[in-house]
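Right, one structure below, let's go through it.
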Amino acid sequence: MSFNDKQTIFTSTELDYEEIVDIPDGYEKAELKDFEDGTLITGRPEMSSVTSFTFDDDGEEKTVNRFKLFVFKDDEQLYVEINVNLKNDGDIHKNIRKGSVLFDFLTSILELENPGSVGKSNIIRNANLAEYREFVNRMNEMTIEVKEKSGTYVFYSFVVRDVKV
């Protein structure tokens, strides 16, 4: 038997590529919560693929879907790691509600492309994160603004304020 021929035995095996962001040696990690509301952070952006992982949450199995956005401040050897939690796995997402980190991220990019395009929208019906990942990973520089949000608990979001190719 030769493995030089087209694969036919393991037909249910699916190969794929998960985009993983390499962190340069010696860089210090920061998160949005390390910055005050309204802080502008400028650096080289990279967006990872959507990943899913399951963990034990006090005896209950919980699955989290997310992608990570990194903003590398190379001159300071610092990177900001932003976890963007998602409702489902994969790149296609539907019914993204205003108030979520994902909504803030996507609509701020849409506003940069076409000011006023988001208007009074409070839901994104369909979005393909692969398009946004391709856009972000082509950028030389991105400026984000930290947004502190509170309700039943405090969490941090961000909006994209500027990009440079």
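Because the structure is a prediction, the values reported are computed rather than measured.
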Asp91 side chain near Arg133 side chain, heavy-atom distance below 4.5 Å: yes

Closest heavy-atom contact between [X] and [Y]?
X: Lys147; Y: Glu145; value: NZ-OE2, 3.3 Å
X: Lys149; Y: Gly99; value: NZ-O, 3.7 Å
X: Val165; Y: Met139; value: CG2-CE, 4.0 Å
X: Lys73; Y: Tyr27; value: O-CE2, 4.3 Å
X: Pro45; Y: Asn137; value: O-OD1, 4.3 Å
X: Leu40; Y: Arg161; value: CD2-CG, 4.1 Å

[atom1]/[X] to [atom2]/[Y] distance, rounded to the nearest 0.5 angstrom?
X: Met47; Y: Phe135; atom1: CE; atom2: CZ; answer: 11.5 Å
X: Ile123; Y: Asn95; atom1: CD1; atom2: CG; answer: 4.5 Å
X: Leu78; Y: Lys29; atom1: CG; atom2: NZ; answer: 11.5 Å
X: Asp89; Y: Thr51; atom1: CG; atom2: OG1; answer: 8.0 Å
X: Ser100; Y: Lys87; atom1: OG; atom2: NZ; answer: 7.5 Å
X: Leu32; Y: Phe158; atom1: CG; atom2: CZ; answer: 7.0 Å

Consider only side-chain heavy atoms of I, L, V, M, F, W and Y, link residues closer than 4.5 Å, and tell whether [X] and [Y] are in one cluster.
X: Phe72; Y: Ile144; value: no
X: Val146; Y: Tyr79; value: no
X: Phe53; Y: Leu102; value: no
X: Leu69; Y: Phe35; value: yes
X: Leu129; Y: Phe70; value: no

Side chain to side chain contact (heavy atoms under 4.5 Å, CB included) with Met142: which of Ile41, Val136, Thr42?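 Testing Met142 for a side chain to side chain contact (heavy atoms under 4.5 Å, CB included) against Ile41, Val136, Thr42 leaves exactly one candidate, Val136.
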
After noting the C-alpha distance and the side-chain angles of Tyr156 and Ile82, does the key distance pass the side chain to side chain contact (heavy atoms under 4.5 Å, CB included) rule? CA-CA 9 Å; Tyr156 294 85; Ile82 305 165; over 6 Å; no

Side-chain donor-acceptor distances from residues 105-112 under 3.5 Å, at least two apart:
unit_1, atom_1, unit_2, atom_2, d
Thr107, OG1, Phe103, O, 2.7
Ser108, OG, Asp104, O, 3.0
Ser108, OG, Phe105, O, 2.9
Ser108, OG, Val160, N, 2.9
Glu111, OE1, Gly116, N, 2.7
Glu111, OE2, Gly116, N, 3.4
Glu111, OE2, Ser117, N, 3.2
Glu111, OE2, Val118, N, 2.7

Backbone N/O of Thr143 and side chain of Asp162: donor-acceptor pair under 3.5 Å: no

What side-chain donor-acceptor pairs closer than 3.5 Å can you find for residues 58-68, not counting sequence neighbours?
unit_1, atom_1, unit_2, atom_2, d
Thr63, OG1, Thr54, OG1, 3.0
Asn65, OD1, Ser52, OG, 2.3
Lys68, NZ, Glu81, OE2, 3.1

